[in-house]
Amino acid sequence: MKNKITLLASLVLLTALAEAQTTLQYYVDGSKTTAGTGTLADPWNRIYYAINRVRDTTKDAVVFIKRGTYTIDSTNFLTQLFIGSNSGGANGKYLTLKPYAGDEGKVFIDGSKLATTAFFPNMLIISGAKYVKLQNLVFRSLKNTNGYAVNIQNSQNIEISKCVFDTLRWTNTAAEYGYPTVNNTSKFIDAIYLKDHNGITVAN
């Protein structure tokens, strides 16, 4: 009897540990006309919903994003990407934003509507957050000298890997559209802004 109780207790413990280690998976498809619920069968139609969802931060969470263009509009907060202290990861468990399998390099974060406004000039902000990964995303068409593709402040353990920054146009000189500079000089403007950070990795 004692052995059966010990075995049962062990099974309950193993089940609990397995549950605690399960990765949460969410899905976004910008072509959908309705908000959705974030499941594979019914994905959200905005990345905003995935970032701002209340999650169990004892588990890793992966947000899979369907190929397409996701435009950041300073006049529409539902398009804006802000990962704060309550929406990143915790306790070594990451929030990861990445494309669907096979859609790598085909998820475009578009900043073309940020060209003339200074109210929300950044395409993606990570502020006061921990444990965030960005993988295989393309940031393009930012045209605002006040902003950055990715703005990271007061954050820890942030990984940016295999992301692309292109068509960033801070000047009117055609030769500089891809690699904008300050006042047409050799000093390049950074696509990623870092301030008061720890453990930031940018790879490939």
Below 4.5 Å, heavy atoms only, C-beta onward: do [X] and [Y] meet side chain to side chain?
| X | Y | result |
| --- | --- | --- |
| Val107 | Tyr70 | yes |
| Tyr48 | Phe77 | yes |
| Thr71 | Thr79 | no |
| Glu176 | Trp170 | no |
| Val62 | Leu24 | no |
| Thr96 | Val63 | no |
| Gln153 | Lys195 | yes |
| Asp73 | Lys113 | yes |

[X] to [Y] - nearest heavy-atom pair and separation:
| X | Y | result |
| --- | --- | --- |
| Pro43 | Tyr100 | CB-OH, 4.1 Å |
| Thr39 | Asp42 | OG1-N, 3.0 Å |
| Ala129 | Gly84 | CB-O, 3.4 Å |
| Arg140 | Met123 | O-CE, 3.4 Å |
| Asn45 | Val28 | C-CG1, 4.3 Å |
| Tyr26 | Ala61 | CE1-CB, 4.1 Å |

[X], [Y]: one ILVMFWY side-chain cluster at the under-4.5 Å cut-off?
| X | Y | result |
| --- | --- | --- |
| Val202 | Val132 | yes |
| Leu137 | Phe82 | yes |
| Leu81 | Phe139 | yes |
| Ile152 | Ile125 | yes |

Closer than 3.5 angstrom, by distance alone: can the side chain of [X] be matched with the main-chain N or O of [Y] as a donor-acceptor pair?
| X | Y | answer |
| --- | --- | --- |
| Ser155 | Gly128 | yes |
| Asp103 | Pro99 | no |
| Arg55 | Ser87 | yes |
| Gln80 | Leu78 | no |

(message) Among Leu124, Ile126, Val150, which residue satisfies the side-chain contact (heavy atoms from CB on, under 4.5 Å) criterion with Ile160?
(response)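 Of Leu124, Ile126, Val150, side-chain contact (heavy atoms from CB on, under 4.5 Å) with Ile160 is met by Val150 alone.
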
For the [atom1] atom of [X] and the [atom2] atom of [Y], what is their distance to the nearest 0.5 Å?
| X | Y | atom1 | atom2 | value |
| --- | --- | --- | --- | --- |
| His197 | Ser127 | NE2 | OG | 13.5 Å |
| Gln156 | Ile200 | CD | CD1 | 8.5 Å |
| Ile158 | Leu95 | CD1 | CG | 9.0 Å |
| Ile51 | Leu97 | CD1 | CG | 5.5 Å |
| Leu194 | Asn154 | CG | CG | 11.5 Å |
| Ser141 | Asp110 | OG | CG | 4.5 Å |

Using a distance-only test with no angle check, is there a side-chain donor-acceptor pair under 3.5 angstrom linking [X] and [Y]?
| X | Y | value |
| --- | --- | --- |
| Asp29 | Ser31 | yes |
| Asp60 | Thr23 | no |
| Glu159 | Thr201 | no |

(request) State which residues pass side chain to side chain contact (heavy atoms under 4.5 Å, CB included) with Tyr148; sequence neighbours excluded, sorted by chain then number. (result)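 Counting only residues at least two positions away or on another chain, Tyr148 forms a side chain to side chain contact (heavy atoms under 4.5 Å, CB included) with Asn122, Asn151, Tyr193.
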
(request) Tell me, with the steps shown, if Ile109 and Ile72 meet side chain to side chain contact (heavy atoms under 4.5 Å, CB included). (result) CA-CA 7 Å; Ile109 310 299; Ile72 312 302; 4.0 Å; yes

(request) Indicate the ring-plane relationship of Phe64 and Tyr27, choosing parallel, tilted or perpendicular according to the 30° and 60° boundaries. (result)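 Rings of Phe64 and Tyr27: parallel, under 30°.
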
(message) Who clusters with Tyr94? Use side-chain heavy atoms, under 4.5 angstrom, across I, L, V, M, F, W and Y, and order the result by chain and number.
(response)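 So far as hydrophobic clustering goes, Tyr94 is joined with Tyr131.
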
